[in-house]
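Read the structure below first, then the notes.
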Amino acid sequence: AQSVTQLDSHVSVSEGTPVLLRCNYSSSYSPSLFWYVQHPNKGLQLLLKYTSAATLVKGINGFEAEFKKSETSFHLTKPSAHMSDAAEYFCVPGGYNKLIFGAGTRLAVHP
Amino acid sequence: DTGVSQDPRHKITKRGQNVTFRCDPISEHNRLYWYRQTLGQGPEFLTYFQNEAQLEKSRLLSDRFSAERPKGSFSTLEIQRTEQGDSAMYLCASSPRLDTQYFGPGTRLTVL
């Protein structure tokens, strides 16, 4: 089964600078991969989804991710961080009956 | 199209009491999921329904936990004889098929 590794538990950036949240996956077979975001004391919101139709996926709030088979990566990026981006981010394999979450990456955005 | 709703949003109870949470999925989503999330961790799968059938249960779902989806629409999650270790955020999600899951805002349970 597919599994993912989020390489950073915490990422801190300044407002207006680029964001990079790293996610590596374990298998060449990837029915789908998701990035979810969770703001404090809130439920999870889908940011974007990869389904093999296109390797570059654009999501909400200016986020995008590129599926790179050669690097087995699905990193999440945003050109310019906003204070409201501070949250927990989860890279999650899909295509199964249940979602398996890791601990996520906490993004802090400083003025 | 309204999203997934959960009720209540917060519940404080004393140890030993029973609690029940409700989840209303997005209409016409035949799959409904329950997850539990403790502080600093990602959500953990508890159980899921396809229509009214409960198809999978995690070993995390002890005998004190029961979930139902009687008419294939809303679902309830009941915890009997609550323990302090049950304190967590309980999340519900729905999906139209084996696809993207859409999450509700969660119910935060505090057991004193």
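Every chain is numbered from 1, with letters handed out A, B, ... down the list of sequences. Scope of the values below: all heavy atoms of this structure, side chains included, with no hydrogens, waters or symmetry mates.
Taking the six-membered ring for Trp, F45(B) and F101(A) have ring centres at least 6.0 Å apart.
Counting heavy-atom neighbours within 6.0 Å of L7(A) CG, excluding the residue itself, gives a total above 12. Sparse packing is recorded around OH of Y102(B), with 12 or fewer heavy atoms of other residues, nucleotides or ligands lying under 6.0 Å away. No more than 12 heavy atoms of other residues, nucleotides or ligands lie within 6.0 Å of NZ in K11(B), so this atom counts as exposed by the packing criterion.
Contacts with chain B (heavy atom to heavy atom, under 4.5 Å) involve these residues of residues 103-111 of chain A, listed by number: A103(A). The contact list for residues 56-66 of chain A toward chain B, using heavy atoms and a distance under 4.5 Å, is empty. When the heavy atoms of residues 52-71 of chain B are compared with those of chain A, the residues falling under 4.5 Å are E56(B), listed by number.
Interface remark: K42(A) contributes backbone atoms only to the contact with chain B (heavy atom separation under 4.5 Å). For Q37(B), the part sitting under 4.5 Å from any heavy atom of chain A is the side chain, from C-beta outward, and nothing else. The contact between L44(A) and chain B is made by backbone and side chain atoms together, counting heavy-atom distances below 4.5 Å. With a 4.5 Å cut-off on non-hydrogen atoms, E88(A) does not touch chain B at all.
Linking ILVMFWY residues whenever their side-chain heavy atoms come closer than 4.5 Å, directly or via other members, leaves I79(B) and Y35(B) in distinct clusters. Under a hydrophobic clustering in which Ile, Leu, Val, Met, Phe, Trp and Tyr are joined whenever their side-chain heavy atoms come within less than 4.5 Å, directly or via other members, Y50(A) and L47(A) fall into the same cluster. The same ILVMFWY cluster, assembled from side-chain heavy atoms under 4.5 Å apart, contains both Y89(A) and V13(A). Under the 4.5 Å side-chain heavy-atom criterion for ILVMFWY residues, no single connected hydrophobic cluster contains both V19(B) and M89(B). L91(B) and L32(B) fall into different hydrophobic clusters, where Ile, Leu, Val, Met, Phe, Trp and Tyr are joined by side-chain heavy atoms under 4.5 Å apart, directly or via other members.
Residue pairs meeting the salt bridge (Lys or Arg N to Asp or Glu O under 4.0 Å) criterion with at least one partner in residues 13-22 of chain B, sequence neighbours excluded, are R22(B)-D24(B).
The backbone N or O of L99(A) lies less than 3.5 Å from no partner atom in the side chain of Y33(B), so there is not a single donor-acceptor pair.
In this structure, T100(B) and F34(A) approach most closely via the heavy-atom pair OG1-CE2, 3.5 Å.
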